[in-house]
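What follows is a short report on a single structure.
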There are 2 protein chains.
Amino acid sequence: MRATVKDVARRAGVSPKTVSNVMNGVVPVAAPTRLRVEQAMAELDYVPNLSARGLRNGRSGVIGLALPDLATPFSAELTQSIVEVAHAQGFSVQIEETGSDPHREHELMTRARANLIDGLILNPVVLKESAVQMGVALPPVVLLGEVTQQLADRVFVDSFAAARDMTLALAKPGRRRIAVLGVNRGRHSATAIQRAGGYEAALQILGIPKDESLMISCDSWTPASAAASLAEYLDANPLPDALFCFTDSMALGALNTLWKRGVRVPDDIAVAGFDDVNDGRYAVPSLTTVSFDKRAIATQALRLLTERMSDRNHGQKLVEIGYTIEERDSSKS
Amino acid sequence: MRATVKDVARRAGVSPKTVSNVMNGVVPVAAPTRLRVEQAMAELDYVPNLSARGLRNGRSGVIGLALPDLATPFSAELTQSIVEVAHAQGFSVQIEETGSDPHREHELMTRARANLIDGLILNPVVLKESAVQMGVALPPVVLLGEVTQQLADRVFVDSFAAARDMTLALAKPGRRRIAVLGVNRGRHSATAIQRAGGYEAALQILGIPKDESLMISCDSWTPASAAASLAEYLDANPLPDALFCFTDSMALGALNTLWKRGVRVPDDIAVAGFDDVNDGRYAVPSLTTVSFDKRAIATQALRLLTERMSDRNHGQKLVEIGYTIEERDSSKS
DNA sequence: TTGAAAGCGATACCAG
DNA sequence: CTGGTATCGCTTTCAA
């Protein structure tokens with residue numbers, strides 16, 4: 001049977017309250033008393049029951065992290081940062097996968113309280129204003145990414161500007177047929193819309209007419225799906241001069257397809273991605289990409305979340321994270 | 001203020017017990033009563049408090065997943081499988097990172113009860129018998145991987161045999177200088193020891209004398225570390241005929257280094273990895289690897305964990321997961 | 001089939 | 001600075 005505060009208190013000859021004081025360290029306790037209590041805790045191998053504490057305090061010390069696809073390297077790197085930052089602040093992280101399903105995104109937000117979590121960091125894909133509005137009593141939530149809505153706090157990279165700048169960077173002399181990979185026809189991924197928008201803005205700046213046939217769709221943002229989509233595309237279309245993939249994962253799949261067909265990168269086609277994951281940096285050739293500080297995202301998301309937890313009523317807070325264009329071998333001219 | 005069972009009960013004109021019965025669905029409730037209760041729950045936007053339930057039941061419905069490095073694609077894919085399988089069984093997953101620190105591994109096991117979790121799936125790196133033995137009252141734990149100890153349940157791939165078979169597969173005619181990358185000098189990674197052992201066993205079968213200078217160390221199993229280690233190695237040593245990296249992540253880093261130096265894969269050197277991550281399948285060239293079913297690992301780990309939770313006293317259970325050698329372009333002869 | 005009341009373990013209030 | 005006590009929300013005997 002596990003030891004409780006009562007057991008510790010009895011063994012130390014004090015009251016449960018004193019034991020609690022020793023643990024929480026906020027109320028001062030006389031040194032000898034503290035020593036007796038600490039010894040009793042050690043002897044009994046005492047471990048506090050967090051369910052009980054959570055019930056009493058109304059906080060569990062756990063935050064939720066919900067991502068669309070847990071299998072991607074980007075998810076892994078972001079998760080690592082968030083877990084490490086959360087841990088440093090005394091939070092545990094409970095992880096969820098939404099599968100880009102708006103219904104699931106909504107359920108996670110509204111039922112968060114049931115899931116034993118004090119707050120939620122959510123990377124939504126299609127979450128619209130409506131989904132956030134309807135929940136009257138939302139838990140503290142911080143959104144990650146480009147979704148447009150006015151209620152929840154949010155940490156984001158300016159995908160529009162980044163995609164525009166990347167497109168401009170790809171448009172070296174002689175490279176005018178610039179394709180994008182990752183357009184989602186049908187589904188309304190906010191990220192895809194932003195990045196496609198930035199791409200189109202760049203074309204306008206460059207004076208290149210928009211060509212629908214250069215916008216390659218790819219519903220699942222995975223290497224497998226990207227490789228297949230690009231292969232199918234190249235069977236029916238001429239090789240573009242450059243290919244801007246909306247994620248590094250897709251870019252890696254694209255590189256594989258190009259290599260299989262004997263297309264040389266960057267000589268025959270320049271390739272770029274977005275996210276700057278480790279595997280892109282070590283791709284063959286190393287991948288040009290939009291880079292941003294994932295640790296900063298984690299830090300800011302946790303800051304916003306804790307601020308929201310302590311004051312549920314302040315206005316919406318937005319934090320923008322900067323980006324850089326990392327030109328690597330896949331687009332060197 | 002959040003609604004409680006009492007509020008629901010009052011509104012439905014029943015007792016709290018009846019509300020509880022409706023939720024848990026085990027004790028039969030008359031249809032009209034159930035309807036009234038369900039309506040009351042909906043009207044009050046009732047969400048059960050899991051801390052209270054956990055306190056009462058002694059179970060939180062959360063399991064822990066502790067991995068050495070959350071940033072790797074392998075961690076991501078394994079996490080995805082475990083989250084999905086756990087979710088299907090009604091468990092949430094709390095994620096932790098050990099950083100390969102044995103002290104942290106031990107702490108997670110012994111303090112698991114404090115962390116609000118019912119059980120722990122742990123992928124240890126250096127956990128020795130001692131670390132498991134000393135905990136008198138361990139929580140339900142399932143270990144992942146090759147660590148040798150006799151107490152905790154475990155799901156594993158036979159790394160020794162897999163490494164042996166991969167080495168044999170690499171040893172095509174004319175390829176006798178087979179190197180390995182990922183040997184950990186100093187630290188005692190159980191996985192590294194197993195894989196190095198399998199490699200040496202294959203050499204013996206092949207009648208190739210072991211050559212210490214072909215065992216390249218690499219403490220951190222990341223692409224960055226692998227790329228750097230291999231570069232340093234190649235500066236001082238001739239190119240081997242084949243390179244067996246102990247993880248796909250390292251292999252990707254190695255491919256990058258080889259490519260930068262103009263070494264052709266597989267013509268000049270065959271390369272292989274271990275884990276079969278998505279990014280390896282789409283590497284340039286696509287990566288030969290040891291493949292195994294990550295979903296099966298998740299399924300079996302959860303089965304062992306739930307069995308252990310319902311019976312803390314049965315003997316140690318071991319489940320072996322099969323593997324296959326996937327020969328892809330990086331080692332085609 | 002349903003109701004009343006006890007109690008899981010930790011904490012905060014209020015005395016002393 | 002420390003002790004008694006009520007309480008968080010839910011489930012579970014035991015009765016009816």
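Chain A is the first sequence line, chain B the second, and so forth, proteins listed ahead of strands; every chain is numbered from 1.
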Interatomic distance, CZ@A/Phe292 vs CD1@A/Ile297, rounded to 0.5 Å, equals 5.0 Å
Tell me: NZ of B/Lys6 to P of C/dG3, nearest whole Å?
15 Å
Can you measure A/Tyr46 atom OH to C/dT11 atom C1' for me and round it to whole angstrom units?
11 Å
No-hydrogen, no-angle side-chain donor-acceptor test under 3.5 Å, A/Gln300 and A/Arg303
yes
Grab the CG-C1' distance between B/Leu116 and C/dC8 for me, whole Å please.
14 Å
Please state how far atom CZ in A/Arg59 lies from atom C1' in C/dA10, giving the value in whole angstrom units.
13 Å
Do B/Thr191 and B/Trp221 make a side-chain contact, defined as non-hydrogen atoms from C-beta onward lying under 4.5 Å apart?
yes
Taking atom C1' of D/dC8 as reference, at what distance in whole Å does atom CG of B/Asp7 sit?
13 Å
What contact category does A/Val29 fall into here, base, sugar-phosphate, or nothing, at under 4.0 angstrom with non-hydrogen atoms?
sugar-phosphate
Nucleotides 3-7 of chain D: which of its N/O atoms have a protein N/O under 3.5 Å away?
residue: D/dG3; atom: OP2; partner: A/Ser15; partner atom: N; Å: 2.8
residue: D/dG3; atom: OP2; partner: A/Ser15; partner atom: OG; Å: 3.4
residue: D/dG3; atom: OP2; partner: A/Thr18; partner atom: OG1; Å: 2.6
residue: D/dT7; atom: O2; partner: A/Arg56; partner atom: NH1; Å: 2.8

Can you list, pair by pair, the side-chain donor-acceptor contacts under 3.5 Å of residues 82-91 of chain B, counting residues two or more places apart and other chains?
residue: B/Glu84; atom: OE1; partner: B/Arg295; partner atom: NH1; Å: 3.3
residue: B/Glu84; atom: OE1; partner: B/Arg295; partner atom: NH2; Å: 2.7
residue: B/His87; atom: NE2; partner: A/Arg104; partner atom: NH2; Å: 3.1

Rounded to the nearest Å, what distance is computed from the CG atom of residue B/Leu55 to the C1' atom of nucleotide C/dG7?
9 Å
Where the side chain of B/Asn57 is concerned, which of D/dT11, D/dC1, C/dA10 is the nearest nucleotide?
D/dT11
Would you mind telling me which of D/dG9, C/dA10, D/dT11 lies closest to the side-chain atoms of A/Ala52?
C/dA10
Grab the CG-P distance between B/Leu50 and D/dG9 for me, whole Å please.
13 Å
Under 4.0 Å between a side-chain nitrogen and a carboxylate oxygen: does that hold for B/Asp153 and B/Lys317?
no
Check the pair A/Val5, A/Lys17 against side chain to side chain contact (heavy atoms under 4.5 Å, CB included), reporting the backbone distance first and the verdict last.
CA-CA 8 Å; A/Val5 270; A/Lys17 166 64 174 156; over 6 Å; no
Result block: side-chain N/O donor-acceptor pairs under 3.5 angstrom for residues 59-74 of chain A, not counting sequence neighbours:
residue: A/Ser60; atom: OG; partner: A/Val62; partner atom: N; Å: 3.2
residue: A/Ser60; atom: OG; partner: A/Leu116; partner atom: O; Å: 2.5
residue: A/Ser60; atom: OG; partner: A/Asp118; partner atom: OD1; Å: 3.2
residue: A/Asp69; atom: OD1; partner: A/Ala71; partner atom: N; Å: 3.0
residue: A/Asp69; atom: OD1; partner: B/Gln80; partner atom: NE2; Å: 3.0
residue: A/Thr72; atom: OG1; partner: A/Ser75; partner atom: N; Å: 3.0
residue: A/Thr72; atom: OG1; partner: A/Ser75; partner atom: OG; Å: 3.0

Atom-pair distance (CG on A/Asn49; C1' on C/dG7), nearest Å
13 Å
Report yes if at least one side-chain N or O of B/Thr4 is closer than 4.0 Å to OP1 or OP2 of D/dG9; otherwise report no.
no
